[in-house]
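Okay, so here's the structure we're looking at.
Values below: every heavy atom of this structure, side chains too, minus hydrogens, waters and symmetry copies. Note that ligands are numbered from 1 as they come in the structure, with each ligand's atoms numbered from 1 the same way.
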Amino acid sequence: MGSLRDCTWILGLADYRVTGVERGEDGRLILELERKGMHRFTCAGCGGRTGHVRDAKLRTWDDIPWAEHPVTLQYRLRRLWCRRCGIRTERVGFADPHARLTRRFRQRIGLDCQSMPTSHAAVRHAVSWGAARRAERAFLETWDRTRPKHRPRHLGVDEIQRGKGQQFWTVLSDLVRGEVIGLQRDRSEDSLRTLLAERMDARQRAAVQAVCMDMHRPYLNVVTEVLPRAEAVFDKFHVLQHASAALDEVRRQEFFRAGPVMRTHGRGKRWLLLRRWKTVRGSKRAELQALFAANRRLFKAYVLREQLDRLWTYKTRSGVLNVLNGWIQALRWQRLPEMERLGDFLFKHLEGIAAYCDQPVRFGVVESINTTIKAVLRRARGMRDEAMLVLKLKWATARPIRSARDVMRFLHPEAVHSLR
Ligand SMILES: [Zn+2]
């Protein structure tokens, strides 16, 4: 075994030196530590320094393993007489108060948990599953607390299904950066109100210019109430979903209620019809054309749905209104009541659709956030801890690791702090 000075060097904790090395069970290495130099200690309460020690208690922290040997640090943690706080424990430089792992060890485990299951990370670092999960949580909380607070111009509000059945979450997101801001049970006015009040401060709320949402009435009410200066922009994909539903209704009318011959013709074509023309290729296109040849009205309805895209290509509200008027004109004499109802619906929601002219929110970001959320939910199936789920969603959508430098930043937070 090398000298204690070498051990101190390997351990590399500023202000602490190794005063003894022991071999514990299972090849564990127990390093006894002592403060270097001055015998004044930092109060955990106020950060002030004092030499008045009341008593001391042996405490241990797990640290990064040395080769195959798990490492435990042992240190006599002082209780101090602080002039301001009274009796307080001392603050150590390498760990947070009450933590059982050193800060650098926590960072390693927490970072690993972002790219592998918690159980794998626990095995890799020779800690229990519970310890790995606690480390992950502290890691994510620290990251979330210390990152800069942005003031997004555009917000997104959406509902996602929670498990099976009629249970939902309301998701609030920053559409400029494509990050989740918060998650709340249910899709009621209260859920969104809570999110806007608790997850954002007044300065952040004041900066919001537009909120992208579906045509869910409670959300709209809350946005007008809490963010009176922000415009509500209806999400294009949700609007087109209504159009697809109308198209599907036409299909049912034309084929299924029109006798057995037509019925065999239209069977199994639902998904094909719901797809957009530009995404349909080859033989499927021919299939679709055969279907249209059999029924002109279905063809007309399909074309009308495809034309709705033009609602989002205009730069002025009057342009959008003209498109919709033209679209409704084209419906005349077609005897397509489903599409007429859709026309009324669009007309009723025209303001939120046309708001896109002034506030071109990024619809693609809404979709990509949804995809990420669903992936995280699938992986976190059965996760009961909602605070943890929100942190994981924030991490997955914010994608803080984009380069090797980012990894370094998370593994050596001290180095980053000293650079500031
Ligand atoms: Zn103090």
task: Identify which one of R275, K300, R276 satisfies the salt bridge (charged side-chain N to carboxylate O under 4.0 Å, His left out) criterion when paired with E306.
output: R276
Within 6.0 angstrom of K284 NZ, more than 12 heavy atoms from elsewhere: no
message: Taking the side chain as everything from C-beta on, heavy atoms only, tell me whether T8 gets closer than 4.5 Å to K36.
response: yes
Any donor-acceptor N or O pair under 3.5 Å, side chains T50, R83: no
message: What count do you get for protein N, O or S atoms closer to the Zn ion (ligand 1) than 2.8 Å?
response: 4
message: Checking side-chain polar atoms at under 3.5 Å, does S188 have a donor or acceptor matched by the opposite partner on S191?
response: yes
message: For F299, is the CZ atom crowded, meaning more than 12 foreign heavy atoms sit under 6.0 Å from it?
response: no
